[in-house]
Amino acid sequence: MVEGNIRVLVAKPGLDGHDRGAKVVARALRDAGMEVIYTGLRQTPEMIAEAALQEDVDVVGISILSGAHMALVPRILELMKTNGQEDVKLFLGGIIPDEDIVQLKEMGVSGIYGPGASTEDIVAQIRKDVLKRA
Amino acid sequence: MNLSQALLNQDRLALSRTLTHVENNSEEGRKVLSEIFPYTGKAHLIGITGAPGTGKSTLVNQLALYYRREKDHRVAVLAVDPSSPFTGGAVLGDRVRMRDLSGDPNVFIRSMASRGSLGGLAQSTSAMVQVFDAAGFDIILVETVGAGQAEVDIAKLAYTTLVVEAPGLGDDIQAIKAGILEIADILVINKADRPGVENTERALKGMLELAHPTPRVFQHHGRQMVVEAPEKDDEQENFWFTEVKRTVAKDGTGINELGKAIEKHVRFLRESNEWDKQTRIQLQSTFDSLLRETLFARFLDELSQEAYEEIMSKILKREISPWGAVEELLG
Ligand SMILES: Nc1nc2c(ncn2[C@@H]2O[C@H](COP(=O)(O)OP(=O)(O)OP(=O)(O)O)[C@@H](O)[C@H]2O)c(=O)[nH]1
Ligand SMILES: [Mg+2]
């Protein structure tokens, strides 16, 4: 999708914590000229995949602090594939152990960002992902 | 299978892709709009507008649940939020209040940024609505924020317009200032659980009395025609007096009554022929603006860049007026 603005879904799955990090990322992406669809807390993988489909986003970003990423991410990717959105990239924020990072990248997660990550890096990676998709 | 066919078969990915094409005004989007046009004209378009934070999204969530529960209608939601004028980006957060609707294949929610397209927002909204209509949605709920010209333009497209107010929003003067009450078919006082509802309702009803009856203005061959409003006691059945309804969207109180008021409005539209007039307004504004756009583009294509710049520089030097220039070019 070269035409139009880049559309990103930002979601916070799981029952844990707050969505401060997700909101910071959402605002940074907006300031970079992207259209961010923000869905709020406690999203199930089904809700995330459904929103990604309805909003025809280019990229999905999720924030997971609970440690449940190895259960949630494959499920979300699988649902997106079933919906015909296997070309939509997924990025992840949270505290992820190194050994999981390798596996998640193999599954196709395009970016993984810890607490210290800069939002500029996220913006740059999304732009790259979207170019590849077009 | 092509995109239009898949859309008419209610394929959700095709619907979503089509909405993107149409929003971007791409060639593919225009092609699909043209192909699906014969299958449009069935949906009831309902506009929901009002100041930020009055509870529009929460209300849309409840209305969608109402139409699913009571009518088994298929419901589409188009939630429009402003783009940042500086970066062109946007945070679209209306879905946060619509989580009850997830998992229902007969509901489809789409968020849209206004993209600062002057006057174009009403046109792109109307095109998005056509897509939902062709995809078999019976009810299309369009949420917009505020009371600017864009909201008024979108309200003109809707068959039924709800204006949402809430008590204690630093107060009711805002509503008159914006003149937004005039576009309301139904005035919803949401957050009726809050203190001060009585005062808000009294103030708004007072303003409505002043505002009514409003003459109806519509386009006739691109010119504005004013149809005089009837006196309150003759032709009453041909005139709609704004209804006022209280709701608590947070828990669903008053939603059934609001739903019934909307149905009453639809009956009025059907019986008084206003439905057909409204349809004509919608299609004519699409047709007129396409005609304008196309003629303008075609004319610029034919005029050389130098000729355009030359006349523009004469205008800047005030050797010729913009009016005179147009006459010279087209005369
Ligand atoms: N007390 C009370 N709060 C409500 C009611 N309806 C909505 N709210 C709350 O009002 C806040 C704003 O609700 P939204 O539905 O997001 O309002 P909105 O008009 O869509 O807001 P924007 O899209 O940002 O303009 C939320 O915190 C809701 O929970 C209600 O009936 N009573
Ligand atoms: Mg809203």
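Computed over heavy atoms, backbone and side chain alike; hydrogens, waters and symmetry mates excluded. Since the structure is predicted, the reported quantities are computational estimates derived from the model, not experimental observations.
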* Nearest 0.5 Å please: distance from the CD atom of A:Gln85 over to the CZ atom of B:Arg17. => 6.5 Å
* Asked: Given side chains that start at C-beta, do those of B:Arg95 and A:Met47 come closer than 4.5 Å, heavy atoms only?
  -> no
* Structure fact -> chain B shares the most heavy-atom pairs under 4.5 Å, among A:Val10, A:Ile37, A:Val8, A:Thr44, with A:Ile37
* Give a yes or no on whether the backbone of A:Ala32 and the side-chain of B:Thr87 come within a donor-acceptor separation of less than 3.5 Å. => no
* Backbone N/O of A:Leu53 and side chain of B:Ser16: donor-acceptor pair under 3.5 Å -> yes
* Atom CG of B:Leu295: over 12 foreign heavy atoms under 6.0 Å -> yes
* Select one option (side chain, backbone, both, neither) describing which atoms of B:Arg99 are under 4.5 Å from chain A's heavy atoms. => both
* Asked: Is chain A contacted by the side chain of B:Asp104, its backbone, both, or neither, given a heavy-atom distance below 4.5 Å?
  -> backbone
* **Which atoms of B:Val107 approach chain A - backbone, side chain, both or neither, heavy atom under 4.5 Å** => backbone
* Asked: Relative to chain B, which segment of A:Glu46 carries a heavy atom at a distance below 4.5 Å: side chain, backbone, both, or neither?
  -> neither
* Asked: Okay, side chain of A:Arg27, backbone of B:Val91: is any donor-acceptor separation there less than 3.5 Å?
  -> no
* **Side chain A:Gln54, main chain B:Ile109, donor-acceptor under 3.5 Å** => yes
* **B:Arg12 side chain reached by A:Glu50 side chain, heavy atoms, under 4.5 Å** => yes
* **Heavy-atom side-chain proximity of A:Tyr38 to B:Leu92 below 4.5 angstrom** => no
* Asked: For B:Ser111 and A:Glu55, does a side-chain donor sit closer than 3.5 Å to a side-chain acceptor?
  -> yes
* Asked: Rounded to the nearest 0.5 Å, how far apart are CD of A:Gln43 and OG of B:Ser102?
  -> 7.5 Å
* **Full working for side chain to side chain contact (heavy atoms under 4.5 Å, CB included) between B:Met112 and A:Glu35** => CA-CA 9 Å; B:Met112 182 165 92; A:Glu35 292 176 357; over 6 Å; no
* Asked: Between A:Asp56 and B:Thr20, is any side-chain donor less than 3.5 angstrom from a side-chain acceptor?
  -> yes
